[in-house]
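One-based numbering, in listed order, for ligands and for the atoms of each. Computed over heavy atoms, backbone and side chain alike; hydrogens, waters and symmetry mates excluded.
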Amino acid sequence: MKNILDFARAKREAQPIVVVTAYDALMARLVAASEVDAILVGDSAAMVVHGYPSTVHATITMMGTHTAAVRRGAPATLPFLSVRQGRDGAVRDAGVLVQAGATAVKIEGVAGHEDIIAHLVQSGIPVMGHLGLTPQSVNQFGGHRLQGTSPEAAARARKEAEMLERLGAFALVLECVPAALATEISRERAIPVIGIGAGAGTDGQVLVLSDLLGLDPTFKPRFARRYMDGHEAVTGALNQFVHDVRAARFPAREEVLA
Ligand code: KIV
């Protein structure tokens, strides 16, 4: 994908949109070498990279640094940034992230952020919405739980998706909602809906890269599929190095300089 118009085209042509997170240049380069459509420089960086218990610890400085690194690693891939909630700082923060190399910004929730979203869109900064389980509000939800399960909550999610589209968002991440609700919202909306833990009926899927690569054996959400056992592969390689050093098999003659 080259720009956000490709999202609309993908939806029109029923081409599933594939997004993964990345937070540094090395991983971004790997993603850019794959067929993945776009990179989300998510504030999940606070948990995955910085070891915090939730994304509420992400700061704009942190996200700006990750964005710039991803942009250097993947100059031609589309990075999307998470912008912290908060009326006053959001527009300034979005500017910081776009200057760091983001193509667009992702904003969690819509109620109370209508003016921010509309303002960003009108200022030429593309906005991706995020509904369902919005991790910045995890404490309000009482943990990482399935959202939109009651008829009232489902109706609210549908209304918010409609509102986001009306405000000019070009796409929407829908996280941890029942598959039937996600499918309904995807069918109702003209903008693409990218699901995570939202079943198979959305217009695309996003996964956190470390979940997909199986890098953390202690964290395996049921909705995430591990495409490799990265933890086993990496610790195996490290132990091989240890054994080689201890057995005087490393460095070999050809690895010795001069
Ligand atoms: O911001 C983020 O990191 C996300 C991922 C959970 C997909 O939305």
Side-chain angles (χ1 to χ4, degrees), residues 7 16-24 27-28 31 36-60 62-67 69-70 74 77-86 90 93-94 97 100 102-110 113 117 126-139 141 143-148 157 160-161 164 169-177 182 191-199 202-213 215-216 219-227:
F7 274 73
I17 299 165
V18 186
V19 181
V20 297
T21 64
Y23 318 107
D24 61 41
M27 288 297 169
V31 176
V36 165
D37 292 314
I39 295 174
L40 173 62
V41 191
D43 53 8
S44 47
M47 300 171 76
V48 176
V49 180
H50 297 268
Y52 286 114
S54 77
T55 64
V56 300
H57 298 273
T59 64
I60 193 64
M62 180 192 288
M63 296 313 300
T65 303
H66 288 302
T67 306
V70 166
T77 310
L78 304 186
F80 298 101
L81 264 299
S82 306
V83 173
R84 297 293 306 272
Q85 292 182 9
D93 288 356
L97 297 175
T103 302
V105 296
K106 176 166 76 65
I107 294 192
E108 294 189 5
V110 60
H113 307 314
I117 296 169
V127 172
M128 175 183 265
H130 188 151
L131 298 176
L133 176 65
T134 47
Q136 291 280 340
S137 313
V138 68
N139 295 329
F141 297 139
H144 291 90
R145 295 164 189 275
L146 191 67
Q147 301 297 309
E160 289 185 336
L164 273 171
F170 72 94
L172 161 64
V173 168
L174 198 50
E175 180 165 354
C176 287
V177 299
I191 57 172
V193 176
I194 318 287
I196 174 163
T202 54
D203 305 302
Q205 299 286 335
V206 54
L207 279 181
V208 171
L209 191 57
S210 51
D211 295 345
L212 185 159
L213 299 179
L215 291 172
D216 182 354
F219 187 68
K220 183 175 182 328
R222 192 161 70 85
F223 59 76
R225 184 178 299 174
R226 280 187 183 158
Y227 283 86

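Listed by number with element, the atoms of ligand 1 under 4.0 angstrom from any heavy atom of H130 are 8 (O). Interface of G42 with ligand 1, defined as ligand atoms under 4.0 Å from a residue heavy atom, comprises 1 (O), 2 (C), 3 (O). Atoms of ligand 1 lying under 4.0 Å from any heavy atom of L40, numbered from 1 in the order shown and given with element: 2 (C), 4 (C), 5 (C), 7 (C), 8 (O). Near K106, with a cut-off below 4.0 Å to any heavy atom, the atoms of ligand 1 are 1 (O), 2 (C), 4 (C), 8 (O).
When the side chain to side chain donor-acceptor pair (under 3.5 Å) test is applied to Q205, the partners found at least two apart in sequence or on another chain are T202. For D203, the salt bridge (Lys or Arg N to Asp or Glu O under 4.0 Å) partners two or more places apart in sequence, or in a different chain, are K11.
Between the D37 side chain and the V19 main chain, no donor and acceptor come within less than 3.5 Å of each other.
The closest approach between V173 and ligand 1 stays at or above 4.0 Å for every heavy atom of the residue. For E108, the closest heavy-atom approach to ligand 1 does not fall below 4.0 Å.
In terms of N/O distances under 3.5 Å, ligand 1 is not approached by E175. Of the N or O atoms in S44, one or more lie within a sub-3.5 Å distance of an N or O in ligand 1.
Interatomic distance, I196 CD1 to S44 OG, rounded to the nearest 0.5 Å: 8.0 Å. The structure places OG1 of T65 at 15.0 Å from OH of Y23, a figure rounded to the nearest 0.5 Å.
The aromatic rings of H57 and Y52 lie parallel to each other, with less than 30° between the two planes, well short of the 60° mark.
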